[in-house]
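Written below as structure tokens is the structure these notes are about.
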Amino acid sequence: MATRWWLLHVDLDQFVAAVELLRRPELRGRPVVVGGSGDPTRARQVVATASYEARAHGVHSGMPLRAAARRCPDAVFLPSDPPAYEAASARVMAALRGFPVRVEVFGWDEAFVGAEVEDPMALAADLQKAVFAQTGLTCAVGVGDNKSTAKIAARFGKPGGVFQLTAGNWMDVMGARPAAELWGVGPKTAKKLADLGLHTVADLAAADPEPLLARFGARMAGWLRATARGGGDTEVVTEPWVARSRSRETTYPRDLTDPEQIAGQVAVLARELGADVVGEGRRVTHVAVKVRFASFYTPTREMKLRDGPTTDLDVIERAALTVLEKFRLDRPVRLLGVRTDLELDR
DNA sequence: TCTGGGGTCCTAGGACCC
DNA sequence: TCTGGGGTCCTAGGACCC
């Protein structure tokens with residue numbers, strides 16, 4: 001058997017909950033819910049990750065913590081601890097890099113692996129063993145011939161397994177499934193496709209190009225057809241990702257109504273965020289402000305910094321306050337956010 | 001017991017300039 | 001005077017993902 005290029009997707013099982021279980025082994029087997037400050041009586045906080053035991057009770061990410069507590073009164077609620085997850089993630093990536101493969105980090109708990117091998121299923125199993133040995137964490141691995149097939153394959157491998165999805169079995173496995181199971185097709189796109197009579201992956205793969213073109217534009221229409229036929233990107237980028245933007249936002253426990261207080265909070269967010277990005281050695285090009293009103297209407301406004309990229313926290317704060325003036329703050333505000341766009345190539 | 005936080009990329013319309 | 005285009009920059013919003 002000859003070697004060829006394969007793309008694998010490594011996806012950690014219940015990553016955030018699993019990291020918590022590593023340092024609290026006594027909780028193993030119990031439903032664990034991580035999110036917010038870990039206090040299920042507090043409003044306006046949601047589940048970041050639920051352990052499989054909690055999911056069995058209907059708890060899932062995005063659900064309000066209070067709702068999770070109702071569904072699963074026995075659950076252990078823990079606060080989110082991002083630095084711990086970042087550290088665990090780094091150990092996972094290091095384990096993967098121990099192999100003669102290309103590794104593209106894709107968030108905390110996922111990586112694409114490109115490898116020239118004869119037996120990708122054996123490689124997948126070896127990756128799982130190494131990750132578990134070096135971190136105590138388990139993962140699913142999807143074997144594909146591009147990022148899309150590998151990523152979808154990993155879902156079938158969860159938890160802890162390996163699944164292969166390539167041109168050979170693509171239509172058998174995916175053809176009858178809803179188009180929304182394609183990576184990058186969300187609820188809105190699925191609805192538009194359904195309006196065109198396209199419900200399954202096979203429908204989309206065989207679709208007449210004209211209506212797709214009219215509805216989605218050339219770029220998206222072409223991508224939809226390709227992805228429904230099992231196509232996808234094959235490039236594995238090993239260089240560390242350079243962030244295009246950073247943001248910081250807060251949902252307040254109680255709505256804000258006083259414009260002075262709102263401006264004060266925007267200033268705080270802008271300075272904290274500015275300190276972070278400048279600390280990372282980056283320069284800010286644009287500043288955006290997001291306001292979520294009590295109705296959940298969430299407009300954003302932004303501006304390019306007139307005097308060019310900056311590291312000056314005063315400039316960043318002033319820009320945020322200038323942008324804030326574009327809003328009419330005549331209704332209660334539940335969330336404020338500030339985003340900075342960052343200069344590239346420096 | 002309403003609905004978090006942090007990202008990326010694409011599109012479209014208006015401004016502005018030639 | 002009744003009407004051009006084309007190109008680029010900027011901003012706002014949409015959609016998706018983890």
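Proteins get letters first, then strands, A, B, ... in listed order; numbering begins at 1 in each.
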For the side chain of A:Arg244, starting at C-beta, report the closest nucleotide among B:dC9, B:dT3, B:dC2. B:dC9

Just compare B:dG4, B:dC9, C:dC16 and give me whichever is closest to any side-chain atom of A:Thr189. C:dC16

What N/O pairs connect the protein and nucleotides 10-15 of chain B at under 3.5 Å? Give each pair on its own line.
unit_1 : atom_1 : unit_2   : atom_2 : d
B:dC10 : OP1    : A:Arg219 : NH2    : 2.9

side-chain contact (heavy atoms from CB on, under 4.5 Å) filter on A:Pro259, not counting sequence neighbours, yields none

Using the closest heavy atom to pick a nucleotide of DNA chain B for each, name whichever of A:Val46 or A:Val242 lands nearer the 5' end. A:Val46

Can A:Trp108 be classed as stacking with the base of C:dC18, given a centroid separation cut-off of 5.5 Å and a plane angle cut-off of 30°? no

Under 4.0 Å between a Lys/Arg side-chain N and an Asp/Glu carboxylate O for A:Arg318 and A:Asp314? no

Would you sort out whether A:Leu12 and A:Cys139 count as a side chain to side chain contact (heavy atoms under 4.5 Å, CB included), showing the intermediate values? CA-CA 4 Å; A:Leu12 279 289; A:Cys139 59; 4.1 Å; yes

Please check if atom CG in A:Asp208 has more than 12 non-hydrogen atoms from other residues, nucleotides or ligands closer than 6.0 Å. yes

For A:Glu249 and B:dG7, what is the distance between atoms CD and P respectively, to the nearest whole Å? 9 Å

Determine whether A:Thr298 and A:Arg292 satisfy the following criterion, side-chain hydrogen bond (donor to acceptor under 3.5 Å, both in side chains), listing intermediate values before the conclusion. CA-CA 4 Å; A:Thr298 313; A:Arg292 174 166 291 153; 2.9 Å; yes

Measure from the side-chain N and O atoms of A:Arg301 to the backbone N and O of A:Val291, and report whether any donor-acceptor pair falls under 3.5 Å. no

Looking only at B:dT3, C:dC17, B:dT8, the nucleotide nearest the A:Trp241 side chain is B:dT8

Got a minute to check which stems DNA chain B is part of, using Watson-Crick or G-U wobble pairs under 3.5 Å, three or more consecutive? B:5-18 with C:5-18

